[in-house]
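Contents: one structure, followed by commentary.
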Amino acid sequence: MSLRLYNTRTRSVEQFVPLRDDGVRVYVCGLTPSAEAHLGHARSFMFFDVLRRYLVHLGYRVTFVQNVTDVDDRSIEASRTLAKPWYEVIEHFFGSFKRSMDRLGVLEPDREPRATAYVPQIVELIAALIATGHAYAVGDGVYFDVKSFPRYGKLSGRNVAELRVGARIAPGEEKRDPLDFALWKFAKPGEPAWASPWGEGRPGWHIECSAMSHSLLGEPFDIHGGGEDLIFPHHENEIAQSESVFPAPMANFWMHGGLLQFDGKKMSKSLGNFEPLSTLLDRHDPQAIRLLFLRTGYRKPMNFTEDAIDSATSGLRKLYAAYDLLRSAPPREADGATVTPFRERFFGALDDDMNTSAALAALFDVAGAAPQLAGEGGGPQAAALLHEALELLGISPHRRARLPAGDPLAAAGPALLARLREAFAEVAEADGDVRAAIDAAIAIRNRARRNKDFALADRVRNLLADGGITLADSKEGTTWTAASGG
RNA sequence: GGCGACGUAGCCAAGUGGUAAGGCGGAGCUCUGCAAAAGCUCUAUUCCCCAGUUCGAAUCUGGGCGUCGCCUCCA
């Protein structure tokens with residue numbers, strides 16, 4: 001079995017064969033950091049992260065490029081309303097995005113080119129488009145002439161004549177055809193501007209991807225990815241630009257992720273119906289969010305609810321518990337064959353157009369069989385499989401989340417400390433912080449338990465519970481956890 | 001209006017011709033002073049509806065109904 005992927009270009013699942021022997025080249029359309037990123041972005045980038053990890057696992061040398069469109073109309077708008085330079089707006093949102101990606105365990109792209117760093121290449125590409133009759137300069141900028149590219153609409157299945165029916169030319173735009181799109185926009189006073197042969201201005205959306213993928217990967221490269229909403233017009237326009245000038249098709253595989261919905265509607269900047277990813281990650285385990293997304297096929301639309309994250313969190317705990325059990329099981333007669341069926345199911349599912357849902361089901365079956373596997377001496381093999389598989393999915397048991405950022409005791413801590421001091425002389429005397437007080441209370445309770453004074457033991461448990469502290473007894477002793485959010 | 005996707009248990013979800021994966025939740029039991037964790041067992045005669053093709057359909061065809069996406073900035 002080998003990897004098969006759905007290709008938007010051909011609308012079918014195809015065998016994935018790298019174009020060159022020396023590696024696989026992937027270009028994913030990244031963020032335009034003109035606003036906070038949301039969970040929908042996370043879903044998309046996380047999927048391509050898993051795809052990338054799997055390609056590496058298959059032995060390919062992968063070059064993974066994800067661009068940053070660091071200049072656009074929206075960030076210029078934001079700079080006016082926030083009274084900050086446009087580049088500070090960009091840096092703010094991009095920094096926030098990068099931190100979120102890091103928390104989600106999304107690996108750094110090999111290259112993360114910024115549009116503004118590729119202006120010379122962009123200008124060069126536009127010049128070539130003009131020279132070959134595919135673009136023209138007018139009063140407000142340079143436009144791509146859609147009529148000059150007969151294949152326009154092929155990727156998205158659009159009919160140019162039908163598109164033209166509803167299309168309008170906005171006031172101030174001097175393009176000749178409503179379908180034509182901007183390659184270069186001349187700067188109005190106060191707007192960011194770069195020099196070009198046609199006048200000072202900035203790149204239009206779309207052209208940066210053609211210029212940067214050409215510079216970094218060439219044509220054709222293996223996989224071009226992005227969200228489903230990029231198929232039209234973004235990717236259609238990229239194809240028109242690139243393929244008008246470069247002799248080869250732009251990319252071999254075009255892959256698109258399904259959109260995340262909130263409340264039955266797509267999350268989007270214009271609807272504003274989302275919570276910033278950064279604050280959502282303060283409340284939930286990033287690995288649970290990964291698990292949640294991987295449970296649904298990447299091409300399917302998916303509705304987001306916080307309950308779903310909670311359910312994924314439970315599932316994650318189950319996988320980790322099984323991993324811990326298997327790992328500590330005594331190795332006996334090495335018999336790798338016992339985990340082979342699970343292994344084949346897991347990798348077979350990924351080969352089948354990245355069916356992470358079915359792959360995960362195989363891992364949950366390993367978890368279900370963990371006690372048996374451990375008993376039969378298959379623990380180490382099964383643990384190794386789980387580790388390898390979970391690492392591939394980016395939910396490694398070795399990087400499981402500790403408590404979310406921020407001290408969960410910060411809010412409720414002082415009140416709890418006061419209460420403990422009031423209730424127990426021993427705690428009052430110990431001059432410590434909340435944590436020390438909790439430890440002291442636990443000591444009191446454990447002494448009470450040994451003395452069979454369960455009324456006192458329960459009083460301690462309840463007192464701590466009121467402060468958001470949950471106790472758990474085990475053979476190794478008593479541990480506590482603080483409810484997040486205090 | 002045009003194009004496209006989807007509709008599977010209480011919730012989420014895989015499965016695209018051979019007789020319904022998996023997760024969450026729920027129920028019972030074991031263990032535990034209590035609790036948690038963990039373990040065991042159970043939880044869709046049926047896949048939005050109606051017709052058709054077939055020995056056989058959740059899967060194919062036709063027709064409904066419903067939801068969503070793209071057609072404008074979007075992952």
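All chains are named by letter (A, B, ...) in the order of the sequence lines, taking the proteins before the strands, and each is independently numbered beginning at 1.
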Send over the distance from A:Asp229 CG to B:A5 C1', rounded to a whole Å. 14 Å

A:Phe454 aromatic ring stacked with six-membered ring of B:G33, 5.5 Å and 30°: yes

Give me the distances for all protein-to-nucleotides 35-41 of chain B N/O pairs that come in under 3.5 Å?
unit_1	atom_1	unit_2	atom_2	d
B:A35	N1	A:Asp473	N	3.0
B:A35	N3	A:Arg461	NH2	2.9

Paired nucleotide for B:A14 [Watson-Crick or G-U wobble; both distances under 3.5 Å]: none

Whom does B:A9 pair with, Watson-Crick or G-U wobble, provided both distances fall under 3.5 Å? none

Given that both distances must come in under 3.5 Å, which nucleotide forms a Watson-Crick or G-U wobble pair with B:C60? B:G52

Atom CG of A:Asn159 to atom C1' of B:C3: distance rounded to whole Å? 10 Å

Under 4.0 Å, counting only non-hydrogen atoms across every strand here, what does A:His38 touch: a base, just sugar-phosphate, or nothing? base

Identify whether any heavy atom of A:Glu228 sits under 4.0 Å from a base atom; if not, whether one sits that close to sugar-phosphate; answer base, sugar-phosphate or nothing. nothing

Name the nucleic acid region contacted by A:Gly226, choosing base, sugar-phosphate or nothing; use a 4.0 angstrom heavy-atom cut-off, strictly under. sugar-phosphate

Counting only Watson-Crick or G-U wobble pairs whose two distances fall under 3.5 Å, which nucleotide matches B:C68? B:G4

Is a donor-acceptor pair below 3.5 Å formed from side chain A:Arg74 to base B:C73, judging by atom type as modelled? yes

Just compare B:G23, B:C71, B:A21 and give me whichever is closest to any side-chain atom of A:Phe364. B:G23

A:Phe262 atom CZ is separated from B:A75 atom C1', nearest whole Å, by 17 Å

How long is the gap from CG on A:Asp72 to CD on A:Glu77, to the nearest 0.5 Å? 9.0 Å

Output one letter per nucleotide in nucleotides 13-18 of chain B: B when a protein non-hydrogen atom lies under 4.0 Å from the base, S when only the sugar-phosphate is that close, - when neither is. SSS---

Across every strand shown, the nucleotide meeting Watson-Crick or G-U wobble geometry with B:G39 (both distances under 3.5 Å) is B:C29

Holding to side-chain hydrogen bond (donor to acceptor under 3.5 Å, both in side chains), I want the full list of residues that pass it with A:Thr116, two or more places apart in sequence or in another chain. A:Asp70

Which nucleotide, if any, forms a Watson-Crick or G-U wobble pair with B:C73, using both distances under 3.5 Å? none

Which residues share a salt bridge (Lys or Arg N to Asp or Glu O under 4.0 Å) with A:Glu91, sequence neighbours left out: A:Arg114

Once you measure the plane-to-plane angle for A:Phe221 and A:Tyr27, does it fall in the parallel (<30°), tilted (30-60°) or perpendicular (>60°) bin? tilted

Nearest-angstrom distance from the residue atom CZ of A:Arg299 to C1' of B:G69: 15 Å

Of all pairs that satisfy ring pair (Phe, Tyr, Trp, His ring centres under 6.0 Å), the ones with a partner from residues 287-308 of chain A, not counting sequence neighbours: A:Phe47-A:Tyr298

Starting from C1' on B:G25, measure out to CD1 on A:Ile309 and report it in whole angstrom. 17 Å

Does A:Arg43 reach a base, just sugar-phosphate, or nothing at all? Heavy atoms under 4.0 Å. nothing

Per the ring pair (Phe, Tyr, Trp, His ring centres under 6.0 Å) rule, what does the pair list look like for residues 342-365 of chain A, sequence neighbours excluded? A:His57-A:Phe347

What's the CG-C1' distance between A:Leu294 and B:G22, to the nearest Å? 14 Å

Watson-Crick or G-U wobble mate for B:C34, both contacts under 3.5 Å: none

Does A:Arg111, at its CZ atom, have more than 12 non-hydrogen atoms belonging to other residues, nucleotides or ligands within less than 6.0 Å? no

